[in-house]
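Shown next, in structure tokens, is the structure this report addresses.
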There are 2 protein chains.
Amino acid sequence: MAKILVVDDDRELRENIAEVLTEAGFEVLKAESGEKALQLLGPAVDLVLLDLVMPGMGGMATLSLLKQHQPRLRVIMLTAFATVENAVEAMRRGADDYMTKPFKVGDLLMTVRKNLEEAKFQECHLALDMDQTFNCLSNPMRREILRCIGREGRIRFMDLARRLQIEDHTKMNFHLKLLREAGLVAQDERKLYTLTAEGRRVIGCMELLAHTLNPKV
Amino acid sequence: MAKILVVDDDRELRENIAEVLTEAGFEVLKAESGEKALQLLGPAVDLVLLDLVMPGMGGMATLSLLKQHQPRLRVIMLTAFATVENAVEAMRRGADDYMTKPFKVGDLLMTVRKNLEEAKFQECHLALDMDQTFNCLSNPMRREILRCIGREGRIRFMDLARRLQIEDHTKMNFHLKLLREAGLVAQDERKLYTLTAEGRRVIGCMELLAHTLNPKV
DNA sequence: GTCATCGGTGAAGAAAACTTCCCGGGAATC
DNA sequence: GATTCCCGGGAAGTTTTCTTCACCGATGAC
């Protein structure tokens with residue numbers, strides 16, 4: 001079952017929430033401050049319930065640090081003093097949801113479950129995308145094709161083959177197809193091959209990785 | 001043969017250099033300003049000879065833009081007013097070499113050839129590294145292993161297997177071996193698995209790519 | 001000692017990825 | 001109308017990668 005970290009300086013509320021969650025079958029960790037929360041944060045934590053107003057490091061700062069350290073962590077903000085500004089600020093900093101105290105037990109559980117579901121769904125989709133993308137990039141010829149299209153902007157099938165000195169165009173076609181299926185390359189109205197927005201971003205990452213592997217260059 | 005872009009506002013010098021390079025068998029493009037150079041810059045250009053002092057956009061600014069647009073492009077700065085400060089600044093901005101005017105024709109050709117050779121060499125090494133790295137990342141299990149080691153910092157073989165719920169440890173060993181061979185994972189003195197510096201950088205790129213693929217997360 | 005667990009190696013088989021070959025429709029050229 | 005080049009599909013064959021299985025020495029517990 002999912003692991004939830006409850007961060008609140010109000011001992012009573014913290015224990016109450018923890019109890020409710022434990023009864024609902026979740027594994028619960030407790031922290032009375034942002035500092036403590038960051039210490040407790042392990043890879044196994046799936047979701048954080050974070051009080052906005054706390055002595056010491058406030059909830060907002062904690063939120064930023066949590067997200068910085070583990071971008072895919074789900075964080076739900078809790079506060080007794082809800083304002084639009086705070087809510088917007090929290091969401092901008094990457095909070096996934098926002099609840100105002102006091103709340104009903106049912107609402108809490110619902111919100112928690114909803115966010116865990118969303119996380120699972122996104123994780124799943126992301127894994128698929130990553131798979132496809134990395135599989136594409138794992139092949140040198142496909143990387144070359146991607147880069148070449150990136151340089152040329154838009155290019156015809158045969159020109160691409162000539163540019164890359166691939167004698168057998170059906171071979172290139174095979175790889176091009178995979179690139180299209182991965183959503184990195186597309187054809188425009190005149191059948192010219194171009195990069196998709198995603199393709200451009202991926203090339204950016206590739207260049208970064210190249211730079212990473214060989215800092216001298 | 002290699003393609004070289006000569007950028008200098010002094011028409012005579014520009015033509016002279018171009019002629020020398022052409023005679024030496026290079027393909028030469030000419031630009032009288034930084035702006036023009038950026039326009040002419042195509043994927044096929046291998047090396048740029050760039051005057052430091054030019055009206056309009058100076059050589060330093062041009063250098064930054066060239067490198068920004070095409071990080072692996074070789075750029076050799078030329079200047080009549082050589083100072084240590086300028087040289088250092090240029091190298092910090094990514095210039096690959098630095099020549100003071102006037103220079104001998106032989107020196108110019110030597111420097112150009114040396115830099116082209118270096119570029120070729122690095123390109124070759126980089127391609128090898130990229131291959132190995134991408135091949136590693138193309139497999140979901142290897143990505144999981146990498147991430148898990150990253151989270152844990154240092155971890156024992158069997159603990160890793162349990163953490164990832166891999167029942168057959170020989171299977172994991174297979175992938176772990178590949179990660180070690182790619183230089184992303186290493187073993188410390190107590191046989192605990194840890195990330196190498198390169199491994200950490202690669203994880204950073206992976207996270208970026210994940211973010212790229214799924215901006216919502 | 002005896003036994004279980006840890007941390008591997010190596011080889012055979014299964015699965016996936018890649019290459020090659022053959023084909024066909026459409027556009028352009030003669 | 002015939003021919004040639006462009007762009008691509010599909011299937012068989014080949015290579016690479018991945019999984020599984022059998023085994024082994026070391027270490028530590030009992």
Side-chain angles (χ1 to χ4, degrees), chain A residues 127-149 152-196 199 202, chain B residues 127-149 152-196 199 202:
Chain A
L128 276 178
D129 281 359
M130 290 278 276
D131 256 40
Q132 222 175 13
T133 303
F134 274 115
N135 277 334
C136 271
L137 297 182
S138 71
N139 182 288
M141 183 178 291
R142 285 197 290 269
R143 287 202 301 273
E144 282 305 311
I145 292 175
L146 201 62
R147 262 204 290 262
C148 189
I149 296 178
E152 301 293 333
R154 46 184 51 203
I155 188 169
R156 287 197 312 161
F157 183 84
M158 278 305 179
D159 291 342
L160 190 58
R162 274 187 288 269
R163 183 64 58 108
L164 296 173
Q165 303 181 23
I166 301 169
E167 60 300 333
D168 182 1
H169 72 276
T170 68
K171 178 173 162 182
M172 190 181 75
N173 194 40
F174 170 79
H175 293 288
L176 207 43
K177 196 172 166 185
L178 292 182
L179 285 168
R180 260 183 295 161
E181 283 168 6
L184 302 181
V185 165
Q187 281 181 295
D188 69 5
E189 65 286 352
R190 280 178 303 168
K191 295 257 188 184
L192 297 181
Y193 285 92
T194 61
L195 292 185
T196 63
V202 167
Chain B
L128 276 177
D129 281 0
M130 290 276 276
D131 256 42
Q132 219 174 14
T133 304
F134 275 116
N135 276 333
C136 271
L137 297 182
S138 71
N139 182 291
M141 183 179 290
R142 283 196 290 269
R143 288 202 299 275
E144 282 306 311
I145 293 175
L146 201 62
R147 261 204 290 264
C148 188
I149 296 178
E152 302 292 333
R154 47 184 51 204
I155 188 170
R156 286 198 312 161
F157 182 85
M158 277 306 179
D159 291 341
L160 190 57
R162 273 188 288 269
R163 182 65 56 110
L164 296 172
Q165 304 181 25
I166 301 169
E167 61 298 335
D168 181 1
H169 71 278
T170 70
K171 178 173 163 181
M172 190 182 75
N173 195 40
F174 170 79
H175 292 288
L176 207 43
K177 199 171 165 185
L178 292 182
L179 285 168
R180 262 183 293 161
E181 282 167 6
L184 302 180
V185 165
Q187 282 181 294
D188 69 4
E189 65 286 353
R190 279 178 304 169
K191 294 258 188 186
L192 297 181
Y193 285 92
T194 60
L195 293 185
T196 63
V202 167

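Distance CG (L179(A)) to C1' (dC7(D)): 17 Å, rounded to an integer number of Å. The distance between atom CZ of F134(B) and atom P of dT17(D), rounded to the nearest whole Å, is 16 Å. Rounded to an integer number of Å, the gap from L178(A) CG to dG9(D) C1' is 14 Å. Atom pair D188(A):CG and dC7(D):C1' shows a separation of 15 Å (rounding to whole Å applied). The CG-C1' distance, from L176(A) to dT19(C), rounds to 16 Å in whole Å. For the pair E181(B) CD and dT16(D) P, the interatomic distance rounds to 16 Å; values are reported in whole Å. Distance R180(A) CZ to dC7(D) P: 12 Å, rounded to the nearest Å. In this entry the distance linking CD1 of I166(B) with P of dC6(C) reads 15 Å, nearest Å.
With distances taken from any side-chain atom of F157(B) to the nucleotides dG7(C), dC18(C), dT9(C), the minimum falls on dG7(C). Closest to the side chain of D168(B), out of dG7(C), dT19(C), dC21(D), is dC21(D). Among dC7(D), dT20(C), dT20(D), the nucleotide with an atom closest to any side-chain atom of K171(A) is dT20(C). Distances from the side chain of Y193(A) to the nucleotides dG8(C), dC6(D), dG8(D) place dG8(D) closest. The side chain of N135(A) lies closest to dA17(C) when the candidates are dG9(D), dC6(D), dA17(C).
The phosphate of dG9(D) has OP1 or OP2 within less than 4.0 Å of a side-chain N or O from N173(A). Taking only side-chain nitrogens and oxygens, H175(B) comes nearer than 4.0 Å to OP1 or OP2 of dT19(D). In this structure, R156(A) does not reach the dC6(D) phosphate: none of its side-chain N or O atoms is under 4.0 Å from OP1 or OP2. Residue Q187(A) places no side-chain N or O under 4.0 Å from the OP1 or OP2 atom of dC7(D).
Remark: side-chain polar atoms of R142(A) are not paired, donor with acceptor, to backbone N or O of L137(A) under 3.5 angstrom. Checking side-chain atoms of T194(A) against main-chain N and O of Q187(A) turns up no donor-acceptor pair under 3.5 Å. A donor-acceptor pair under 3.5 Å is absent between the side-chain atoms of N173(A) and the main chain of H169(A), judged by distance alone.
For the segment residues 136-144 of chain A, the set of residues with a heavy atom within less than 4.0 Å of an atom of DNA chain C comprises N139(A), R142(A), in numerical order.
Nucleic acid contact for E167(A): none, since no nucleic acid atom lies under 4.0 Å from a heavy atom of the residue. Base engagement by H169(B) is indicated by at least one non-hydrogen atom pair under 4.0 Å involving a base atom.
One N or O donor and one acceptor, one from the side chain of T170(A) and one from the base of dC21(C), sit under 3.5 Å apart.
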